[in-house]
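Taking it in order: structure first as structure tokens, then the write-up.
Letters go in sequence order (proteins before strands), and every chain restarts at 1. Just so it is clear, the values below take in all heavy atoms, side chains as well, and ignore hydrogens, waters and symmetry mates.
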Amino acid sequence: GAVVSQHPSRVICKSGTSVKIECRSLDFQATTMFWYRQFPKQSLMLMATSNEGSKATYEQGVEKDKFLINHASLTLSTLTVTSAHPEDSSFYICSAVASGQDEQFFGPGTRLTVL
Amino acid sequence: GNSVTQMEGPVTLSEEAFLTINCTYTATGYPSLFWYVQYPGEGLQLLLKATKADDKGSNKGFEATYRKETTSFHLEKGSVQVSDSAVYFCALKHQAGTALIFGKGTTLSVSS
């Protein structure tokens, strides 16, 4: 089946530093990837839609300069949290859609803790 | 706007009990409806889906029927197992190629 990986699974960083999270589709090509954020006991909130080779589309209220998304290839999208602050601590989840298909496949998520 | 509301958890059941997790939605038009499951330490997996009114999605003993008149998509299973313990998310998608809109998730814990 379609597998999506995320790296790292868990990261702890100091306030003010930047953190990069990778999302990879391991056995299929993904023209579209989505980035979600999940707070404890809350639903997954869509942050942005990432299409290979073009700029990401951000949801209202998501700072594009703070959450940099790069979808440089059909198997990799990255989310960089710049100048992270404690309020950025959250669970970040990506999903990928195979070319020509509609079903989303989800990564296992990345737990970010900013001290 | 589009939204999904599902029952608060956690839901705690004994093995072989009947399960219902309620889910209602608000959407314009005719969205597709989904249930996803997240087992501990794993990513979300599609459990079942329905794309039009009165459709019934089913998988692994779970069922949900797309009820447009009540804007609901309740998840049911007749006899739960310990291995069903997970977080269940109800979701909708307004059109192909767009992102999913999720409910808050319901944690199910089944004990033997």
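Contact of A:Tyr36 with chain B is made through the side chain alone, with heavy-atom distances under 4.5 Å. Using a 4.5 Å cut-off between heavy atoms, B:Lys49 makes no contact with chain A at all. Using a 4.5 Å cut-off between heavy atoms, B:Gln6 does not touch chain A at all. Heavy-atom distances place no part of B:Ile101 under 4.5 Å from chain A, backbone and side chain included. Interface remark: B:Phe34 contributes no atoms to any contact with chain A (heavy atom separation under 4.5 Å). Only the backbone of B:Thr98 comes within less than 4.5 Å of a heavy atom of chain A; no side-chain atom from C-beta onward does. Of the atoms belonging to A:Gln6, not a single heavy atom falls under 4.5 Å from chain B. Looking at A:Leu44, the atoms closer than 4.5 Å to chain B (heavy atoms on both sides) sit in the backbone and in the side chain alike.
The side-chain heavy atoms of A:Ile21 and A:Trp35, taken from C-beta on, include a pair separated by under 4.5 Å. Considering only heavy atoms from C-beta on, A:Phe106 comes within 4.5 Å of B:Leu100 through its side chain. With a 4.5 Å cut-off on side-chain heavy atoms, B:Pro10 and B:Ser109 do not count as touching.
Heavy-atom neighbours of B:Met7 CE from other residues, nucleotides or ligands within 6.0 Å: above the threshold of 12. Annotation for A:Lys20: atom NZ does not count as buried by contact number, only 12 or fewer foreign heavy atoms lying within 6.0 Å. Within 6.0 Å of atom CD in B:Glu8, 12 or fewer heavy atoms from other residues, nucleotides or ligands are found, so the atom counts as exposed in its surroundings.
No close placement of the A:Tyr58 and A:Phe67 rings is indicated, their centers lying 6.0 Å or farther apart.
In this model, no donor atom of one side chain and acceptor atom of the other lie less than 3.5 Å apart for A:Ser99 and A:Gln29.
One hydrophobic cluster, built from ILVMFWY side chains closer than 4.5 Å, holds both B:Leu75 and B:Leu108. A continuous path of ILVMFWY side-chain contacts below 4.5 Å connects A:Val62 to A:Val19, so both sit in one hydrophobic cluster.
Against chain A, no residue from residues 21-31 of chain B qualifies, as none has a non-hydrogen atom under 4.5 angstrom away.
The candidate with the highest count of non-hydrogen atom pairs below 4.5 Å against chain A, out of B:Val87, B:Leu44, B:Thr107, B:Val4, is B:Leu44.
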